[in-house]
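I have placed the structure first, in the form of structure tokens, so that the comments after it can refer back to it.
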Amino acid sequence: MSRKKRWYDPGAADSLLLVQHSKDDYESYASLRWKHSRNSPGLLECLLYPLSDGPGLGLLVLFPPVLWLLSLPVFDCIAVLEPLAKSNWALGLLVVPVFIPLMFSFGVVLSYLLAFLGRVLVASALGENDHPHWPELSVEDISEGVARWFWALVMGTVIGGLPALGYWHYLGAVDWPTGVVLGLLLYLAVGFTQLALAASLMHETITAANPVTVVAAVRRIGRSYIVPCAVATVAVLLTVLGVYSLLFHLPKMWMEAVALWAFWVFFLYTGMVVLRMLGLTYYAHAMDLYWFRRRPRWASGSRPGKLYANS
């Protein structure tokens, strides 16, 4: 007669081995996979970020045609009339009513894109490697996000941009020493503006974008802020150069059309790269800055583990 196996073993307790684990050992694989280390970001990983997930790729594929369609007539009209250079401002005013619907639609689309780029900043500041959700079509949330962007740009222009413009206007001609000084002033202006934008978005109040908060944050981050400022400054210079070339240095319409499409792809791509690097820089120094404890209400909705999906 065979013996029946019993689940109870009175000597099983003697064979148990207790192993002490550190707190980090209890983190799930998902949290380790979808979280960035608290180190300063590298340029290559930020350059690859827009191409690493569905929302970023969708942004680069779906929105440039829309922006191209809405902005091409306006850019072409400005390039032909040149109201500032040729004094054709009266003729330009005649076509303004025709372009009002286009400019309004362009403003709505651009505001939506700025809301998404703000989410990229917040997701990166939380250390997430996934792209955030595309924002919902909420007039209140999008307008609030645009107000934060606008206020940060105003603060950056007043505090950082006006000294550069005043210096340029005072000297008139630009030579190598003047160009170096202007570049330094632009570097400081861009550094102040992007950190003011980060403070405004993370604190959920535009009052956080003030010189005291920004200067204190720069002092706490230290030398780790040099590279994000340099990347953002190069992006701004290339963007300004691209706009100037589109307006005044493209002789044929088909060249302008192709270049304008490429410009919008570049604009969205560099926007994600710059804000990714800025957000990861904050994440690396979050214990020193401690600007927020949880995701802001306007940027709710993360995508842990979602690859090439937006839900």
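- Between Pro50 and Val273, the closest heavy-atom pair is CG-CG2, 3.7 Å.
- Every residue two or more places apart in sequence or in another chain that forms a side-chain hydrogen bond (donor to acceptor under 3.5 Å, both in side chains) with Tyr225 is listed here: Gln194.
- The aromatic rings of Trp68 and Trp261 are tilted relative to each other, their planes meeting at an angle between 30° and 60°.
- Legend: ring pair (Phe, Tyr, Trp, His ring centres under 6.0 Å) pairs involving residues 196-222, not counting sequence neighbours, sorted by first then second residue: His203-Trp291.
- Linking Ile, Leu, Val, Met, Phe, Trp and Tyr residues whenever their side-chain heavy atoms come within less than 4.5 Å places Leu126 and Tyr49 in a single cluster.
- Scanning both residues, Thr213 and Ala199, for their nearest heavy atoms gives CG2-CB, 4.4 Å.
- Taking CH2 from Trp149 and CG from Leu197, the interatomic distance works out to 5.0 Å, rounded to the nearest 0.5 Å.
- Residue Ala284 comes nearest to Ser40 through the heavy atom pair CB-N, 4.0 Å, listed as atom of the first residue, atom of the second, then distance.
- Residue Leu195 holds its CG atom at 11.5 Å from OG of Ser200, rounded to the nearest 0.5 Å.
- When all heavy atoms are compared, the tightest approach of Phe267 to Thr239 is CD1-CG2, 4.3 Å.
- Taking the side-chain hydrogen bond (donor to acceptor under 3.5 Å, both in side chains) definition, one finds that Thr193 meets it with nothing, sequence neighbours left out.
- Listed here is the closest heavy atom pair of Thr281 and Pro228: OG1-CG, 3.3 Å.
- Distance check: Arg223 CZ to Ile221 CD1 gives 14.0 Å after rounding to the nearest 0.5 Å.
- For the atom pair OG1 of Thr207 and CH2 of Trp151, the computed distance is 9.5 Å after rounding to the nearest 0.5 Å.
- Here the closest heavy-atom approach between residue Leu278 and residue Ala198 is recorded as CD2-CB, 4.1 Å.
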